[in-house]
Amino acid sequence: MTEQKQTYDPATIEPKWQRFWAENKVFRAKNPGDADFDPEQPKFYALDMFPYPSAAGLHVGHPEGYTATDIVSRYKRATGHNVLHPMGWDAFGLPAEQYAIQTNTHPAKATARNIETFRRQLQTLGFSYDWEREFGTCDPDYFKWTQWIFKVLHQRGLAYESDAPVWWCEALGTVLANDEVINGRSERGDHPCERRPLRQWMLKITAYAERLLQDLDGLDWSESLKTMQREWIGRSEGAEIEFDVDGHDARLRVFTTRPDTLFGASFMVLAPEHELVDAITTSEQRQAVADYVKAAAAKSELERTDLAKDKSGVFTGAYAHNPLFAEGDPKGRIPIWIADYVIVSYGTGAIMAVPAGDERDFEFARKFGIAIPGIFAPVTEDKERDARIAAGEQCCTDEAPYAEHCRTPDGRIALAGMTQADAKRTVIDWLVAEGRGEAKVTYKLRDWLFSRQRYWGEPFPVLHTVDGVELVADEDLPVTLPDMQDFKPGGQPESPLIRATDWVETTDRQGRPAKREINTMPGAAGSSWYFLRFCDPHNQDEFCSKAASDYWLPVDLYVGGTEHAVGHLLYSRFWTKVLHDAGHVSVVEPFHKLYNQGMIQAFAYQDSRGAIVPVAQTRIEGDGVVHAETGEKLTQTVTKMSKRYGNVVNPDDVVREYGADTLRLYEMYMGPLADAKPWNPKDVPGVHRFLQRAWRLCVPEFAEKGTVHAWLRADRAGDVEIEKRLHRTIHKVTGDIERMAFNTAIAAMMIFVNEATKAIDKLSRDQVLRFVQLLNPFAPHLSEELWQRLGGEGSLSYAPWPTWDEAMLVDDEVELAVQVLGKVRARVRVANNAPKDEVLAAARAAAAKWLAGKRVVKEVVVPNKLVNFVAK
RNA sequence: GCGGGGGUGGCGAAAUGGCAGACGCAGCGGCCUUAAAAGCCGCGGACCGGGAACGGUCGUGCGGGUUCGAGUCCCGCCCCCCGCACCA
């Protein structure tokens, strides 16, 4: 045998192990019912937010979360868990279709190609997915069940057609859901959107608002994410109150969170779109009101809500009557206005305005000269403020004592001296007794707009016949898309499917003529239950067997970006609850622990005006970066990766140059998973060097092919100091994986390799094997290779996780800092856990120089850490 | 405006109220080499004592406080990021 150079070469070992894992189905997860299934084994379900396979291919942001779940998955396998770690494709939806239109390819073709690319890229990164469970949401085998779930929703009264105004995006040629529209513009593409009344399918997620809110409490999610969902659901408790309208039979209903301030209601405001506006407007005001309504309708959502603009409004000429005052009492006669600060779709679209207790109402009353009756009598240090509030010259939104006059003549309501909570209850009780109102809870959450006017989505399992809507029978699912050559949106708010006449015109089971629903489902349909299908992906009879979902759910760890905080995560929770209510799954929440990874950013360079200069137009000069043309010195800043700035990093390039293990390790070493952090190309070689050092710990530079250092070929006792360091490393890495602190786990392994390199010939085979196991979740290819070369048994992927001995974590002797008045003046070495007086004696001697001539008033001893003398 | 998270060397970052800056990058010095790369060993917050050893002072956005001791806890302020934003 000849000796040859044995350098760490990821290009050969990575494909080798990827092939090994695939051929031996190493990462196959066992389901209940499988021959080798062990019901005693604990399970662990680690899920990534599956990607949207775009034409751009994988971005370095994808592997960040994927590596984190892969580390945890591999760790859980090593600690005896049956691990479900699947991957698939969120493959229906707008971007694929937009791309297809631009390049004139069929979206099915473009999507299939993009999936190929994504799969290839992910496979080169060595993730331990069970690829046998892979599917895309556009597979008929999958969307058959998406359609089936729609039927469940429909049968339970949770899917309905509506003509209410919805967001229409002209540029995208479709309607969009609330969470897809930000400040009146589309989330994708940033196109303007407008409200239009269109027939649409809606899902009644509002029926689940309270449960979606309540069940957040038991989830292991970040507080900020829970807060986002709580705000989106937007629960508020209050009352609905009915007001009589002078000269009309109709009663106006308002929602308020402050029924206790009813005494201060001095006007009412209706949204311009409120249905009673027309009926109550007087002839003198008709023109002004009509103009205002027209102007409000023409305003974009941005103009109406985004600006901190002046309040506007118009008097309708009508008056309402405050139910607290006797009929005819002029104090109860309040003008009715319309104004666009009241939103038609929230509450009842009308408010009672209490300028004394609400800043918006106060501002409005001031501007239009409406009375501001004071209703509070605060008694604080600030006498001037108290007086202004009492006189109705200042608004008071804090809890404050009620004025004496907040009472009805019969004494049934007398708020003075009551807390706000008691006052609310008193007023509500009175309203209920009088048949004038009731306690009421309102939510900001709206029903889910569930249809799109596009081609590339799940068809609805719906037929329209003369008798109305008919659901397609289960046996006839899936309803597949017709193969169309021209799938572009038609320019009118109708799906391109309308042109597939042969498909649209059909018959129902009785042979009666029927038209297919031409809208398709939104992208979020398929992603609202994919975590269920992963449990049982090949089931032909059910969407997922109860046995499989009972075993695997909930997802133990779900990792992804924050951008899905209110859309996907809320929809998935909703569908899970519906399927639970229908008896199909046992859990009420799909994702137990959710972790949001931070964004991977990039460095960019900006000129003196703060403008970003694309990387291609910069040049390194001295120790700085300058503009290639002007020579201006540029300052470094951090941005999102962007094609425009030329600072996008392609994971393929990193794999080619350094290997997948380096990419994985670098992404985990950059900083805490949850933080946003910039990609620094200069740091990548650092972790690569660490892997090379780990390699050299085992493999001599020149050797017979496949061999390790001579001293590692046979068993022998390892060095005690190395052994201690190893136990510490095992302890640290184990704890850090548990708390998802991968950056510090890697630092601990670096320390071990540095120490071990210095005493390389004292290492034992057994020590190196344990270290390689620790490294495995992070750098699986390198560690499998070393494990094999060292003669480890079987595949490293199921080798039991190494353990540590607590006794090995402590030293016999420790060094203590000796402080005088909190300043470190000396150090002493004493026995571990030495008695206090021994420690003090040693410390006193060491600090004698600083204690001379002083009186020690206090001695603080922190065992094995430090001694502090307080001396005067 | 409201809610949440932050601000630590030249850069990414560590640090149960107990020696701030572990680990990595960039930088500097040395070994090896004809030379370079790679590798290996070491130094590395700032300032002062003319340089080293050594010693001193200051230092975790700013100002106060609690404590023997504060990056960490409390109060006030400044700045940055994320979310919500006329939701009654």
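Proteins come first, then strands; the chains are lettered A, B, ... in the order of their sequence lines, and each starts at number 1. Note: hydrogens, waters and symmetry copies are ignored here, and every other heavy atom, side chains too, is used.
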* Asked: Of all the choices, B:rC86, B:rG12, B:rC84, which nucleotide is nearest to the side chain of A:Asp340 once you look at every atom?
  -> B:rC86
* Kindly confirm or rule out a cation-pi arrangement of A:Lys311 over A:Tyr341, judged by NZ or CZ under 6.0 Å from the six-membered ring centre and within 45° of its axis? => yes
* Asked: Would you say the ring centroid of A:His688 lies under 6.0 angstrom from that of A:Tyr666?
  -> no
* C1' atom, B:rC19 versus B:rC68: distance in rounded Å? -> 15 Å
* Asked: Given the P atoms of B:rC28 and B:rU60, what is the spacing between them in whole Å?
  -> 29 Å
* Which is true for A:Pro685 with a 4.0 Å heavy-atom rule: it touches a base, it touches only sugar-phosphate, or it touches nothing? -> nothing
* Structure fact -> Closest to the side chain of A:Gln819, out of B:rA88, B:rC23, B:rC19, is B:rC19
* Any chance the rings of A:Phe368 and A:Trp337 have centres within less than 6.0 Å? -> yes
* What's the CD-C1' distance between A:Gln636 and B:rG9, to the nearest Å? -> 15 Å
* When rounded to the nearest Å, what value does the distance between P atoms of B:rG7 and B:rG12 take? -> 12 Å
* Within the structure, does a side-chain N or O atom of A:Ser236 lie under 4.0 Å from either OP1 or OP2 of B:rA88? -> yes
* Asked: Using a cut-off of less than 4.0 Å, is there contact between a side-chain N or O of A:Lys823 and OP1 or OP2 of B:rC58?
  -> yes
* To do: Ignoring backbone atoms, test whether A:Asn754 places a side-chain nitrogen or oxygen under 4.0 Å from the OP1 or OP2 oxygen of B:rC41.
  => no
* Return the nearest nucleotide to the side chain of A:Ala747; candidates are B:rG39, B:rC23, B:rC25. => B:rC23
* Output yes when at least one side-chain N/O atom of A:Tyr669 is less than 4.0 Å from OP1 or OP2 of B:rA13, else no. => no
* Asked: Taking the same atom, C1', in B:rC25 and in B:rA13, what whole-Å distance lies between them?
  -> 11 Å
* Please state whether the phosphate of B:rC68, meaning OP1 or OP2, lies under 4.0 angstrom from any side-chain nitrogen or oxygen of A:Lys858. => yes
* P atom, B:rG9 versus B:rC62: distance in rounded Å? -> 10 Å
* Contact class for A:Phe603 (heavy atom, under 4.0 Å): base, sugar-phosphate, or nothing? -> sugar-phosphate
* Same-atom distance (P) from B:rG64 to B:rC58, integer angstrom -> 15 Å
* Any side-chain N or O of A:Arg689 less than 4.0 Å from the OP1 or OP2 oxygen of B:rC23? -> no
* Any N/O donor-acceptor pair, A:Lys311 side-chain to B:rC86 base, under 3.5 Å -> yes
* Asked: Looking at B:rC23, B:rA14, B:rG12, which one has an atom nearest to any side-chain atom of A:Ile751?
  -> B:rC23
* To do: Both distances under 3.5 Å, Watson-Crick or G-U wobble: report the partner of B:rU72, or none.
  => none
* **Spacing of the C1' atoms in B:rA22 and B:rA14 (rounded, Å)** => 5 Å
* Structure fact -> Quick note, A:Asn868 side chain, CB onward, closest among B:rG3, B:rG69, B:rG12 is B:rG69
* **Separation of atom CD1 in A:Ile233 from atom P in B:rA85, rounded to whole Å** => 14 Å
* Which nucleotide, in any strand shown, forms a Watson-Crick or G-U wobble pair with B:rC54, with both distances under 3.5 Å? -> B:rG49
* Kindly say if A:Arg693 contacts the phosphate of B:rC40, meaning a side-chain N or O under 4.0 Å from OP1 or OP2. => yes
* Asked: From the list B:rC25, B:rA15, B:rA13, which nucleotide is the closest neighbour of the side chain of A:Thr744?
  -> B:rA15
* Asked: Would A:Thr744 and A:Asp736 count as having a side-chain donor-acceptor pair, cut-off 3.5 Å?
  -> yes
* Quick one: are A:Pro272 and A:Tyr292 in side-chain contact, heavy atoms under 4.5 Å? -> yes
* Counting side-chain heavy atoms from CB outward, which of B:rG24, B:rA88, B:rG83 is closest to A:Met228? -> B:rG83
* How far, in whole Å, is B:rC73 from B:rA37 if one measures between their P atoms? -> 47 Å
* Enter syn or anti for the glycosidic conformation of B:rG9, syn applying to angles within 90° of 0. => syn
* Going by distance alone, is a donor N or O of one side chain under 3.5 Å from an acceptor N or O of the other, for A:Tyr669 and A:Thr662? -> no
* **Watson-Crick or G-U counterpart of B:rG42, or none if no pair lies under 3.5 Å** => B:rC28
* Asked: Is the closest basic N to carboxylate O distance between A:Glu859 and A:Arg844 below 4.0 Å?
  -> yes
* **Nearest-angstrom distance from the residue atom NE2 of A:His274 to P of B:rA88** => 16 Å
* Structure fact -> Which of B:rC19, B:rC40, B:rC23 is nearest the side chain of A:Val824? It is B:rC19
* Asked: Counting only side-chain N and O atoms of A:Asn743, is one of them less than 4.0 Å from OP1 or OP2 of B:rG24?
  -> no
* **A:Glu237 side-chain N/O to A:Val441 backbone N/O, donor-acceptor pair under 3.5 Å** => no
* Asked: Does the side chain of A:Arg696 get closer than 4.0 angstrom to OP1 or OP2 of B:rC40 through an N or O atom?
  -> yes
* When we call it a touch if two heavy atoms are under 4.0 Å apart, what does A:Lys444 touch: a base, just sugar-phosphate, or nothing? -> base
* To do: Have a look at A:Glu815 and say if it touches a base, only the backbone sugar-phosphate, or nothing, with a 4.0 Å heavy-atom cut-off.
  => base
* Asked: Among B:rG69, B:rA88, B:rG39, which nucleotide sits nearest the side chain of A:Ile343?
  -> B:rA88
* **Distance, rounded to the nearest Å, where A:Asp675 contributes CG and B:rG6 contributes C1'** => 9 Å
* To do: State the pairing partner of B:rG3; accept Watson-Crick or G-U wobble contacts with both distances under 3.5 Å, and report none otherwise.
  => B:rC82
* Asked: A:Arg825 side chain: which of B:rG56, B:rG39, B:rC25 is closest?
  -> B:rG56
